[in-house]
There are 2 protein chains.
Amino acid sequence: MSRITLQDLAYELNISVSTVSKALKGYPDVSEKTKKAVVELADKLNFSPNIVASNLRTQHTKTIGVIVPEIVHHFFSNVIGGIINIAEQNGYMVILLQSNEKFELEQKQINLLIQQQVDGILMSLTAHTTSFEHIKRVQTRGIPLVMYDKVSKNINCSKVIIDDKQAAYDAVSYLIRKGYKRIAFLGGSLTAQNFNNRFLGYKEALSEFRIKYDESIVYITDSDDEYENGMKYAEKIVSDHSKSKVDALFTVTDLMAVGASKYFNSNEIKIPEDIAIFGFSNWFMSSIVTPSLSTVNQPGYEMGEKSVELLLKEIALKKERQQIEIQRLVIPTSLEIREST
Amino acid sequence: MSRITLQDLAYELNISVSTVSKALKGYPDVSEKTKKAVVELADKLNFSPNIVASNLRTQHTKTIGVIVPEIVHHFFSNVIGGIINIAEQNGYMVILLQSNEKFELEQKQINLLIQQQVDGILMSLTAHTTSFEHIKRVQTRGIPLVMYDKVSKNINCSKVIIDDKQAAYDAVSYLIRKGYKRIAFLGGSLTAQNFNNRFLGYKEALSEFRIKYDESIVYITDSDDEYENGMKYAEKIVSDHSKSKVDALFTVTDLMAVGASKYFNSNEIKIPEDIAIFGFSNWFMSSIVTPSLSTVNQPGYEMGEKSVELLLKEIALKKERQQIEIQRLVIPTSLEIREST
DNA sequence: TTGTATGCGTTATCAC
DNA sequence: GTGATAACGCATACAA
């Protein structure tokens, strides 16, 4: 019950604490005999080293802090899965924090992670982060930092992202090549960097194929419930324009697409005959809805993996007092073509 | 860059380290004047206490360890969300570990958490955990432990679960009352405690309503891909029995239900007219598929919340050297009735 | 009100 | 090959 320490082992074996420590860590300058005795006793007494003490002494914690906007999100839970698996494989533990898209929380959490002496931080910004003092504080302290998915050009650190603009461009180009001519856009607030880039990709594809950009078929949702919005704006599209005029819909998230799909389905509007739908993210559900949804595959798990790998590399570099080199990693996306287009 | 410590502050202000410490912690026995000076300097220098040192001194880390079988799972990511939010509100951080349903990993992770000196552990067992030495080790060390969802009667600790049997009983009773008479069962391996209990609930409902239990309409899947299995066994049900004979299907997970639904949809078998479907868990997707799926609502977020609350209470009790009282908390489920029944 | 002294459990340096 | 000793940064009992 009362924790057993190096001292206890030392006392029991009548040797010094330092010898015990060395024996347990496999130092070469300990005789096989004592080493064996120590290990055996440690085993017998179920000795478990106090990492906190070790951390204090060695000045590193083998722990990284991860801030995620929202865990319950197919994409982010995938990212987290990737992060945790790779971290674990490299002997690092993960402290997970959820900002819930609140700036104040993000600030507080950064401070907590600094106090915890984490060896590095992995973060995705909230949609409302416009000031960066807290993040700069991480950097002035020399704590390695990597941002993923929602990043900012205001911070000079390594970043792991997808090319939203290109991905949207690819999706819309695909629709155009497939023969669709009046492609509506449904997006969330364009202040969000990602959504804005997807909008840019949409526009670029149109212009590339000499299709006139028409503001009247560009819809920006006003609330946060993407599924609801999908249904609502699908209805709006139909009422604003005779359905023969809009023949395809590109949405910035799968959830909106599925919402729209639900509306069309229950109103006898055929997908993709009457209107095609293209989503974004490749959430699991997009493969199982009817009709299954064409979408942009956004590989969350891989993004998580790459992010930690980068962070771990920077941590190692810092330990060796070497210069770290800032990277910008773009995870390739792909089109997942299904029944809705 | 070089971390600043209490010593630095003390030196700067020409006072002792202990006074600085007390000032920062708001001890009553420090004059307002020095307190103010200390706080101001700390602010100015951006002082951030080294929690690791504090942890070593105080013998607690304000950290809890959480082991989850699989993060990328709507249910579990909800649980984690609940855990993290409540933990944070109480000043605790969460170290998240994923066992990936591997027993060896679970063992290793328990050891890691012990070494990390976490104040408590929250865990859900892998499907393959049949030995419990590692968990007993947690208890002999006096580390508060709470199990959630996948629990074992072999460990005497507080548990937070749902009543699987009752929930299944409710669902099947509902189907019977609605007039369905030949209700098939589709489940995963019955060695999994939860699935087995759901099966028991199914049987009990039948017997309660004097419907003869018929083994020929009980299907146990053989692989792990629930969605695939849903489709596969839906087909099997149709081919084994003329469709007029089975008029409803109860599955132990939403994913199987959705798979089955997909098969019926694409084979002109009408839901619920030809066959009704009832799922289990209330994953988000069940509300958006067509037809939307009736299911058992299994409140993950709440389970997460209750679990930490219990754990935190036990941690507090332990700190005050009071007896902890083992609890068994059953989170109520409910039926979510939708279009599929 | 302030300061002194000590310890939390490890690791690492240096002497023996 | 082994051990004494100091240090990591903070918290607290006790003395002043």
Side-chain angles (χ1 to χ4, degrees), chain A residues 1-39 41-42 45-63 112 114-119 141 319, chain B residues 1-39 41-42 45-63 112 114-119 141-143 319:
Chain A
M1 171 75 217
S2 67
R3 288 168 162 45
I4 116 140
T5 70
L6 290 187
Q7 286 217 51
D8 300 331
L9 300 183
Y11 177 80
E12 193 83 7
L13 295 171
N14 253 306
I15 55 178
S16 78
V17 176
S18 34
T19 306
V20 176
S21 172
K22 288 174 191 161
L24 252 17
K25 312 224 80 169
Y27 266 58
D29 60 346
V30 177
S31 76
E32 276 308 318
K33 206 181 70 189
T34 57
K35 183 181 290 184
K36 185 155 164 262
V38 169
V39 171
L41 183 64
L45 298 186
N46 239 305
F47 169 74
S48 175
N50 183 331
I51 298 234
V52 173
S54 168
N55 287 346
L56 178 59
R57 183 65 236 254
T58 61
Q59 306 280 47
H60 62 244
T61 54
K62 286 279 196 175
T63 296
L112 285 175
I114 291 175
Q115 293 178 194
Q116 285 283 348
Q117 317 287 117
V118 294
D119 290 348
R141 284 192 155 67
K319 207 161 144 193
Chain B
M1 170 75 216
S2 67
R3 286 165 163 49
I4 116 142
T5 70
L6 289 187
Q7 285 217 51
D8 300 330
L9 299 183
Y11 177 81
E12 193 82 8
L13 295 170
N14 252 305
I15 56 179
S16 78
V17 176
S18 46
T19 307
V20 175
S21 172
K22 288 173 192 162
L24 252 16
K25 313 222 78 168
Y27 266 59
D29 60 347
V30 177
S31 74
E32 276 308 317
K33 206 180 73 191
T34 57
K35 184 182 290 184
K36 187 156 162 261
V38 170
V39 171
L41 183 63
L45 298 186
N46 240 306
F47 170 73
S48 174
N50 182 331
I51 299 234
V52 173
S54 168
N55 288 345
L56 178 58
R57 179 65 233 259
T58 60
Q59 305 282 47
H60 60 243
T61 55
K62 286 280 197 171
T63 296
L112 284 175
I114 292 175
Q115 294 179 195
Q116 284 285 345
Q117 316 287 116
V118 294
D119 290 347
R141 272 167 216 274
I143 302 174
K319 206 160 143 193

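Proteins get letters first, then strands, A, B, ... in listed order; numbering begins at 1 in each.
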Engineer: Would you say a side-chain N or O of T58(A) is under 4.0 Å from OP1 or OP2 of dT10(C)?
Structural biologist: no
Engineer: What is the separation between atom CD on Q7(B) and atom C1' on dA6(D), rounded to the nearest whole Å?
Structural biologist: 13 Å
Engineer: In whole Å, I'd like the distance from the CZ atom of R3(A) to the P atom of dC8(C).
Structural biologist: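 Rounding to the nearest Å, CZ of R3(A) and P of dC8(C) are 14 Å apart.
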Engineer: Rounded to whole Å, please give me the gap between CG in L56(B) and C1' in dC8(D).
Structural biologist: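 Going from CG in L56(B) over to C1' in dC8(D) covers 9 Å.
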Engineer: Quick one: does T61(B)'s side chain have a donor or acceptor within less than 3.5 Å of a partner on Q117(B)'s backbone?
Structural biologist: yes
Engineer: dA12(C), OP1 or OP2 - any side-chain N/O from Y27(A) closer than 4.0 Å?
Structural biologist: yes
Engineer: By nearest nucleotide on DNA chain C, pick out whichever of P49(A) and D29(A) is the more 5' one.
Structural biologist: P49(A)
Engineer: Does any donor-acceptor pair link the side chain of K33(A) with the base of dG1(D) at a separation under 3.5 Å?
Structural biologist: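 Result: no qualifying N/O pair found.
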Engineer: Among the nucleotides dG3(D), dT2(D), dT2(C), which one has an atom lying closest to any side-chain atom of V30(B)?
Structural biologist: dT2(C)
Engineer: In whole angstroms, how far is the P atom of dG1(D) from the NZ atom of K25(A)?
Structural biologist: 20 Å
Engineer: Taking only N and O in the side chain of T34(B), is any of them less than 4.0 Å away from OP1 or OP2 of dT2(C)?
Structural biologist: yes
Engineer: Which heavy-atom pair separates D8(A) from I4(A) by the least distance, and what is that distance?
Structural biologist: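 Looks like OD2-CA, 3.1 Å.
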Engineer: Give a yes or no answer on whether the side chain of S18(B) reaches the backbone of S16(B) with a donor-acceptor pair at less than 3.5 Å.
Structural biologist: no
Engineer: Can you tell me which nucleotide in dT12(D), dT10(C), dT2(D) comes closest to the side chain of T5(A)?
Structural biologist: dT10(C)
Engineer: Once rounded to the nearest 0.5 Å, what's the spacing between atom CZ of R57(B) and atom CD of Q59(B)?
Structural biologist: 8.5 Å
Engineer: Expressed as a whole number of angstroms, how long is the span from Y11(A):OH to dG3(D):C1'?
Structural biologist: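 Answer to the nearest Å: 18 Å.
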Engineer: Quick one: N14(B) CG to dT2(C) C1', roughly how many Å, whole number?
Structural biologist: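 That distance rounds to 13 Å.
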Engineer: Is there a donor and acceptor pair, one atom on the side chain of T19(B) and one on the base of dT1(C), closer than 3.5 Å?
Structural biologist: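 Side chain to base: no pair present.
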Engineer: Mind checking if L6(B) touches a base, just sugar-phosphate, or nothing, with heavy atoms under 4.0 Å?
Structural biologist: sugar-phosphate
Engineer: Determine whether a donor-acceptor pair (one donor, one acceptor, N or O, separation below 3.5 Å) exists between the side chain of S18(B) and the base of dA5(C).
Structural biologist: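 Not at all, since no donor on one side and acceptor on the other fall under 3.5 Å apart.
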Engineer: With no hydrogens and no angle check, is any side-chain donor or acceptor of T58(A) less than 3.5 Å from a backbone partner on S54(A)?
Structural biologist: yes
Engineer: Look at the side chain of K22(B) against the base of dG3(C) and say whether a donor-acceptor pair falls under 3.5 Å; ignore hydrogens and angles.
Structural biologist: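 Side chain to base: pair present.
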Engineer: Between N55(B) (CG) and dC8(D) (C1'), how many Å, whole number?
Structural biologist: 14 Å
Engineer: Mind calculating the distance between CG (N50(A)) and C1' (dG9(C)) to the nearest angstrom?
Structural biologist: 6 Å
Engineer: At under 4.0 Å between heavy atoms, what does I15(B) touch on the DNA or RNA strands: base, sugar-phosphate, or nothing?
Structural biologist: sugar-phosphate
Engineer: OP1 or OP2 of dA11(D) sitting under 4.0 Å from any side-chain N/O of S54(B)?
Structural biologist: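 Answer is yes, contact under 4.0 Å.
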Engineer: Without swapping roles, check the side chain of S21(A) against the backbone of V17(A) for a donor-acceptor pair under 3.5 Å.
Structural biologist: no
Engineer: Of all the nucleotides listed (dG9(D), dT10(C), dC8(C)), which has the minimum atom distance to the side chain of Q59(B)?
Structural biologist: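 Given the options dG9(D), dT10(C), dC8(C), the side chain of Q59(B) is closest to dC8(C).
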